S.K.: 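Before anything else, here's the structure in question.
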Amino acid sequence: SDGVLYQKSSGSSTIVNFSNLGLRAVTNKHLLVDKNKFAPKDCNVELTSGKSYLVLINKDNISVGADEDWAYIALPKDETLLKLTNQDIKVCKNVEVGDKLLVLGYPKIGAKVGLTVTEGIVSGIDKNYFITSAKIDKGNSGGASILVKDDCYLGIPSASVVGSIESLGRILKASF
């Protein structure tokens, strides 16, 4: 209301055309809602082609997880987005510890203007999250994680917990 920008956030998302919901940019809750539960007034969804969509946020076009780190924003139906999502998303069903995976996103480190892919394994499972050795950095949270053996959508890279030697990432299961 006073014209001051208080906070800015950026991250990755996966565009999905849900049969019952329509086009959505699936991402993390922590990218769209701060600790005081404030959401942005708008969101700019930018494709790798450079085309972007400015979405004004209201209660009808944003959904966030109550207890889990997921969110999605409704996107307009347009030819470009419909072409990107012309196939149903294949959600992983048989995931085991030790399975290889890829994490895709656009972190601020790595390829400054393009997609960054890191690889790892499913190191463990903690309730609704897969624990992974794949590197997850600020910016690729909200992207996509793909299970290599079945070429399927594993879930949303959410966070990285740094230990004394290594870090382990958390991926919210796609079944959210």
Side-chain angles (χ1 to χ4, degrees), residues 9-33 39-40 42-55 57 61-95 99-120 122 128-132 134-160 169-176:
S9 179
S10 65
S12 299
S13 68
T14 302
I15 298 174
V16 179
N17 192 357
F18 293 102
S19 58
N20 59 337
L21 295 172
L23 290 164
R24 299 291 187 264
V26 177
T27 190
N28 290 119
K29 177 181 176 178
H30 74 260
L31 294 175
L32 291 177
V33 179
D42 59 43
C43 183
N44 188 44
V45 178
E46 186 175 334
L47 304 180
T48 56
S49 66
K51 185 170 184 170
S52 64
Y53 300 85
L54 181 65
V55 180
I57 303 296
N61 66 359
I62 184 174
S63 292
V64 297
D67 298 320
E68 303 294 348
D69 192 16
W70 66 266
Y72 58 73
I73 302 168
L75 297 173
K77 285 185 180 177
D78 92 333
E79 189 176 322
T80 302
L81 293 175
L82 290 171
K83 282 182 185 177
L84 287 174
T85 60
N86 64 357
Q87 295 180 2
D88 289 337
I89 194 164
K90 180 181 170 186
V91 175
C92 300
K93 298 198 185 307
N94 300 311
V95 182
D99 285 347
K100 292 182 182 181
L101 62 89
L102 302 173
V103 172
L104 295 84
Y106 297 86
K108 292 183 178 183
I109 65 167
K112 301 269 186 216
V113 294
L115 179 68
T116 298
V117 179
T118 58
E119 63 181 349
V122 175
N128 290 331
Y129 289 87
F130 296 109
I131 309 303
T132 179
K135 192 157 180 61
I136 299 175
D137 281 310
K138 183 178 180 180
N140 65 356
S141 61
S145 182
I146 307 298
L147 191 67
V148 174
K149 73 177 183 180
D150 295 328
D151 189 25
C152 55
Y153 180 63
L154 186 63
I156 306 170
S158 295
S160 184
R170 295 175 61 81
I171 297 169
L172 178 61
K173 293 179 180 179
S175 59
F176 72 89

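Keep in mind that this is a model prediction, so the values were computed, not measured.
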S.K.: Please confirm whether the backbone N or O of Gly169 pairs with a side-chain atom of Lys135, one donor and one acceptor, at under 3.5 Å?
M.R.: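 A pair under 3.5 Å: no.
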S.K.: With rounding to the nearest 0.5 angstrom, report the OG to CD distance, Ser10 to Glu46.
M.R.: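 Ser10 OG to Glu46 CD: 11.0 Å, rounded to 0.5 Å.
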S.K.: How close do Ile171 and Gly155 get, heavy atom to heavy atom, and via which atoms?
M.R.: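 Between these two residues, the closest heavy atoms are CG2-C, 3.6 Å.
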S.K.: Could you check whether Lys173 makes a cation-pi contact with Tyr129, meaning its NZ or CZ is under 6.0 Å from the centre of the six-membered ring and within 45° of the ring axis?
M.R.: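 No, cation not above the ring by the 6.0 Å, 45° rule.
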S.K.: Do Leu104 and Thr116 come within less than 4.5 Å of each other through their side chains, counting heavy atoms only?
M.R.: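 No, too far: nothing below the 4.5 Å cut-off.
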S.K.: Does the side chain of Thr80 reach to within under 4.5 Å of the side chain of Tyr53, using non-hydrogen atoms?
M.R.: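 SC-SC contact between Thr80 and Tyr53 confirmed.
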S.K.: Work out which heavy atom in Pro40 is nearest to a heavy atom in Ile57; give both atom names and the distance.
M.R.: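 Nearest pair, atom of Pro40 first, then Ile57: O-CB, 3.2 Å.
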S.K.: Closer than 3.5 angstrom, by distance alone: can the side chain of Thr118 be matched with the main-chain N or O of Ala134 as a donor-acceptor pair?
M.R.: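 No.
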S.K.: So, do Ile156 and Val26 sit near enough that their side-chain heavy atoms are less than 4.5 Å apart?
M.R.: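 Side chain of Ile156 against side chain of Val26, heavy atoms only: contact under 4.5 Å found.
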S.K.: First locate atom CG of Asp99, then atom CG of Asn94, and finally report the distance between them rounded to the nearest 0.5 Å.
M.R.: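 The distance works out to 9.0 Å.
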S.K.: Hey, is the main chain of Thr27 close enough, under 3.5 Å, to the side chain of Ser13 for a donor-acceptor pair?
M.R.: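 Flag not set: sc Ser13 to bb Thr27 has no pair under 3.5 Å.
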S.K.: Between CG of Leu54 and CG of Asp42, what distance do you get to the nearest 0.5 Å?
M.R.: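 One finds 5.0 Å between CG of Leu54 and CG of Asp42.
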S.K.: Any idea which heavy atoms bring Val91 and Ala174 closest together, and the distance?
M.R.: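 Smallest interatomic distance, heavy atoms only, reads CG1-CB, 3.6 Å.
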S.K.: I need the single residue from Leu75, Asn17, Val45 that forms a side-chain contact (heavy atoms from CB on, under 4.5 Å) with Leu81. Which is it?
M.R.: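 Result for side-chain contact (heavy atoms from CB on, under 4.5 Å) with Leu81: Leu75.
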S.K.: If you look at every heavy atom in Gly11 and Leu31, which pair is closest and at what distance?
M.R.: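 Scanning both residues completely, I find the closest heavy atoms to be CA-CD1, 3.8 Å.
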S.K.: Working to the nearest 0.5 angstrom, can you tell me the gap between Asn128 CG and Glu68 CD?
M.R.: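 These two atoms lie 4.5 Å from each other.
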S.K.: Val95 versus Phe130: any side-chain heavy-atom pair under 4.5 Å?
M.R.: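 Sidechains of Phe130 and Val95: in contact.
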S.K.: Step by step, would you call Ser158 with Trp70 a side-chain contact (heavy atoms from CB on, under 4.5 Å)?
M.R.: CA-CA 8 Å; Ser158 295; Trp70 66 266; over 6 Å; no
S.K.: Using side-chain contact (heavy atoms from CB on, under 4.5 Å), reason through Ile146 and Asp151 one step at a time and then give a plain yes or no.
M.R.: CA-CA 6 Å; Ile146 307 298; Asp151 189 25; 3.9 Å; yes
S.K.: Side chain of Thr14, backbone of Gly143: donor and acceptor closer than 3.5 Å?
M.R.: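 At least one qualifying donor-acceptor pair exists.
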S.K.: Can you pull the salt bridge (charged side-chain N to carboxylate O under 4.0 Å, His left out) pairs that have at least one residue in residues 71-87, sequence neighbours excluded?
M.R.: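 The answer is Lys51-Asp78, Glu79-Lys83.
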S.K.: Measuring from atom CG of Leu147 to atom NZ of Lys93, what distance do you get when rounded to the nearest 0.5 angstrom?
M.R.: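 Leu147 CG to Lys93 NZ: 12.5 Å, rounded to 0.5 Å.
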S.K.: If you define the side chain from C-beta out and look only at heavy atoms, does anything of Ser145 sit under 4.5 Å from Tyr153?
M.R.: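 A side-chain contact under 4.5 Å is absent here.
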S.K.: Begin from the C-alpha positions of Leu32 and Ile73 and carry the test side-chain contact (heavy atoms from CB on, under 4.5 Å) through to its verdict.
M.R.: CA-CA 9 Å; Leu32 291 177; Ile73 302 168; 3.7 Å; yes
S.K.: Should Leu84 and Leu82 count as side-chain neighbours, where that means a heavy-atom distance under 4.5 Å?
M.R.: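 Sidechains of Leu82 and Leu84: no contact.
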S.K.: Locate the shortest heavy-atom distance separating Asn28 from Pro157; write the atom from each residue and the value.
M.R.: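 Smallest interatomic distance, heavy atoms only, reads OD1-O, 2.9 Å.
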S.K.: So, taking the atom named OG1 in Thr48 and the one named CG in Leu115, what distance separates them when rounded to the nearest 0.5 Å?
M.R.: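 Result: 8.5 Å between the selected atoms.
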S.K.: Would Lys29 and Asp69 pass as an ion pair if we require N to O under 4.0 Å?
M.R.: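 Salt bridge absent between Lys29 and Asp69.
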S.K.: Are side-chain heavy atoms of Val55 and Asn61 found at a separation under 4.5 Å?
M.R.: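 Yes, close enough: below the 4.5 Å cut-off.
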S.K.: Got Val122 and Thr132 here, is their nearest side-chain heavy-atom distance under 4.5 Å?
M.R.: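 Answer no - side chains too far apart.
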S.K.: Can you name the residues that form a disulfide (SG to SG under 2.5 Å) with Cys152, not counting sequence neighbours?
M.R.: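 By the disulfide (SG to SG under 2.5 Å) rule, Cys152 matches Cys92.
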